[in-house]
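Notes for the one structure printed next.
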Amino acid sequence: MATIIYDNETTFDALKDKIIAIMGYGSQGHAHARNLHESGLNVVVGLRKGSSSWAKAESDGLKVMTVEDAAKAADVIMILLPDEKQSSVYYSQIEPNLKSGDALVFAHGFNIHYNQIVPPKDVDVFMVAPKGPGHIVRRTYTEGIGVPGLIAVYQDATGKARELAISYAKGIGATRAGVYETTFREETETDLFGEQVDLCGGISSLIKTAFEVLVEAGYQPEMAYFETCHEVKLIVDLIYEGGLERMWHSVSNTAEYGGMTVGPRVINEESREAMYDALERIQNGEFAKEFILEGMVNHPVLKAMENQEKEHPLEIVGKEIRANIPWLNKKIDDD
Ligand code: NAD
Ligand code: MG
């Protein structure tokens with residue numbers, strides 16, 4: 001079982017005299033920078049000259065510098081750039097500005113675990129990974145709560161790496177919900193597995209396939225959308241709040257009996273084998289290699305698949321339905 005660290009066991013002592021650079025001001029970057037700043041810590045944001053986020057970070061009250069200058073100024077450097085860009089930015093702009101005893105921090109183990117970044121031996125390397133999207137990390141912090149987080153130490157040059165990780169986790173609000181200790185390997189492999197087979201890949205394929213079956217069988221796309229997509233949230237909310245038990249309790253006996261008997265026929269032994277196959281490709285580095293090469297040629301496969309996804313009938317009817325429901329009629333970036 002994992003070790004869990006809660007807020008009342010933690011302090012800011014390890015970080016209070018340090019300068020923390022947050023590289024990137026995207027989903028995670030803006031949340032970490034603002035939360036740490038409001039926790040009273042010394043934060044600078046590292047960005048490219050001309051980045052559209054530069055003015056945004058400044059108007060959020062933060063000091064902004066180039067990545068090089070921020071790396072030079074900081075003792076603790078959190079890299080919140082897209083995973084596939086981290087290695088080139090690290091080698092060209094961060095590593096030349098590291099000093100002995102600095103800390104390199106990640107929110108995902110990918111680049112360390114798959115050998116894309118090999119830091120010098122005299123710096124601390126650790127991870128603080130909130131288990132939630134950046135916008136939720138920010139919103140929950142302002143509400144006085146937080147999302148749970150993971151910490152892991154990869155390299156402890158100063159003897160302070162774990163303490164720094166815990167202070168950092170406190171600064172973004174994660175200790176309020178509990179921080180769990182893990183390793184770079186475990187976080188990387190489980191994170192990739194979850195997003196591929198369950199959270200992003202699994203659920204989107206389940207929704208699309210169920211939608212396609214109903215529409216192909218002659219039902220109206222609107223009915224298919226409500227049934228296979230819209231209601232997913234209502235069911236997942238129940239599971240999130242009280243586990244499967246709460247969900248089974250809330251639905252009708254018909255839904256409970258049908259769900260329990262038919263679910264395992266749909267997600268069946270073949271699906272289990274596909275999950276093991278996905279896990280093996282994560283563990284042996286094949287997935288990482290594929291994704292890194294895809295990034296090096298500017299994501300041709302990802303771009304093509306994004307375009308195909310936009311044209312899927314589920315997306316088209318979904319857009320129309322949501323446009324008619326005022327509180328769902330928001331752009332992706334409104335949040
Ligand atoms: P993002 O794409 O939202 O933001 C990346 C930021 O980097 C942007 O501000 C972008 O302008 C900046 N950037 C891109 N290229 C740059 C360059 N060459 N120089 C300087 N700045 C550059 O990324 P994200 O989703 O916040 O992911 C950051 C890290 O957090 C990743 O390691 C990811 O795995 C991890 N993570 C993300 C989430 C999430 O919910 N998004 C959750 C947990 C962990
Ligand atoms: Mg994840």
Side-chain angles (χ1 to χ4, degrees), residues 21-36 44-60 62 64-71 74 77-97 104-114 116-117 125-141 146-152 154 165 168-169 172-174 177 179-180 182 184 186-196 199-200 282 287-288 291-292 295-296 298-299 302 306 332-333 335:
I22 304 297
M23 305 302 189
Y25 204 68
S27 174
Q28 289 293 326
H30 90 285
H32 290 226
R34 297 190 75 182
N35 293 3
L36 291 165
V44 301
V45 175
L47 287 172
R48 285 170 290 192
K49 274 247 155 63
S51 158
S52 61
S53 306
W54 195 294
K56 192 165 180 290
E58 279 183 346
S59 78
D60 290 338
L62 296 158
V64 187
M65 308 178 176
T66 62
V67 170
E68 286 102 325
D69 289 345
I77 297 165
M78 172 53 118
I79 305 186
L80 294 174
L81 310 171
D83 291 306
E84 67 278 19
K85 294 202 177 149
Q86 291 185 7
S87 174
S88 73
V89 175
Y90 171 79
Y91 283 110
S92 60
Q93 295 157 60
I94 297 175
E95 194 176 79
N97 297 305
L104 271 182
V105 197
F106 296 86
H108 181 28
F110 189 95
N111 278 281
I112 291 289
H113 182 65
Y114 292 115
Q116 300 304 293
I117 293 179
V125 181
F126 59 86
M127 173 173 15
V128 181
K131 289 315 275 176
H135 293 95
I136 308 296
V137 174
R138 176 62 191 155
R139 189 198 307 156
T140 50
Y141 179 88
V147 303
L150 308 181
I151 59 162
Y154 178 76
Y168 188 104
I172 60 172
V179 166
Y180 295 70
T182 181
F184 272 62
E186 185 177 57
E187 185 278 338
T188 305
E189 293 177 356
T190 55
D191 192 72
L192 293 174
F193 181 81
E195 64 205 20
Q196 290 176 22
L199 306 174
C200 313
I282 290 165
F287 172 76
F291 181 62
I292 292 160
M296 288 170 91
N298 205 20
H299 294 299
L302 183 59
E306 277 176 4
I332 288 167
D333 291 329
D335 203 14

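Below, each value reflects all heavy atoms present in this structure, side chains not excepted, and no hydrogens, waters or symmetry copies. Counting from 1, the numbers follow the sequence of the chain as shown. Predicted model only: the values in this text are computed from it and were never measured. Indexing begins at 1, ligand by ligand and atom by atom, following the structure's order.
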> Should the ring pair Phe184 and Tyr154 be called parallel, tilted or perpendicular, given that the plane angle runs from 0 to 90° and is split at 30 and 60?
Replying inline: tilted
> Any N or O of Gln93 that comes nearer than 3.5 Å to an N or O of ligand 1?
Replying inline: no
> Hey, does the side chain of Gln116 reach the backbone of Ser87 with a donor-acceptor pair shorter than 3.5 angstrom?
Replying inline: no
> In ligand 1, which numbered atoms sit nearer than 4.0 Å to a non-hydrogen atom of Val89?
Replying inline: 17 (C), 18 (N)
> Does any N or O in the side chain of Tyr114 come within less than 3.5 Å of the main-chain N or O of Ala288, such that one atom is a donor and the other an acceptor?
Replying inline: no
> Of the choices Arg48, Lys49, His32, His30, which has the non-hydrogen atom that lies closest to atom 10 (C) of ligand 1?
Replying inline: Arg48
>> Determine whether a donor-acceptor pair (N or O, by modelled atom type, separation under 3.5 Å) exists between the side chain of Asn111 and the backbone of Gln86.
In response: no
>> Please compare Pro82, Ala70, Ala57 and report which has the shortest non-hydrogen distance to atom 7 (O) of ligand 1.
In response: Pro82
>> Could you work out, with salt bridge (charged side-chain N to carboxylate O under 4.0 Å, His left out) as the rule, every residue matching Glu84, not counting sequence neighbours?
In response: none
> For ligand 1, which atoms have a heavy atom of Gln86 less than 4.0 angstrom away?
Replying inline: 31 (C), 32 (O)
> Hey, does Gly26 come in under 3.5 Å of ligand 1, counting only N/O atoms on both sides?
Replying inline: yes
> Would you say Tyr168 and Met127 make side-chain contact, with heavy atoms under 4.5 Å?
Replying inline: no
>> Using a 4.0 Å cutoff against the non-hydrogen atoms of Leu80, which atoms of ligand 1 qualify?
In response: 5 (C), 6 (C), 7 (O), 28 (C), 29 (C), 30 (O)
> Does ligand 1 have an atom under 4.0 Å from some heavy atom of Gly134?
Replying inline: yes
>> List the residues meeting ring pair (Phe, Tyr, Trp, His ring centres under 6.0 Å) with Phe287, not counting sequence neighbours, and say none if there are none.
In response: none
> Just one of Leu62, Val45, Ile22 clears the side chain to side chain contact (heavy atoms under 4.5 Å, CB included) bar with Arg34, so which one?
Replying inline: Leu62
> Is there a donor-acceptor pair under 3.5 Å between the side chain of Asn97 and the backbone N or O of Asp69?
Replying inline: no
> Pro133 heavy atoms, cut-off 4.0 Å: which ligand 1 atoms fall inside?
Replying inline: 40 (O)
>> So for ligand 1, is His108 a polar contact partner (N or O within less than 3.5 Å, distance only)?
In response: no
> Taking only heavy atoms of Pro130, which atoms of ligand 1 are found under 4.0 Å from at least one of them?
Replying inline: 43 (C)
> Has the side chain of His30 got a donor or acceptor atom that lies under 3.5 Å from a matching backbone atom of Ser27?
Replying inline: yes
> Any N or O on Ser51 sitting closer than 3.5 Å to an N or O of ligand 1?
Replying inline: no
> What atoms in ligand 1 come closer than 4.0 Å to a heavy atom of Asp83?
Replying inline: 31 (C), 32 (O), 33 (C), 34 (O)
>> Just to check, does Gly132 reach to within less than 4.0 Å of ligand 1 when the distance is taken from its heavy atoms?
In response: yes
> At a non-hydrogen distance cut-off of under 4.0 Å, which region of Gln28 contacts ligand 1 (side chain, backbone, both, or neither)?
Replying inline: both
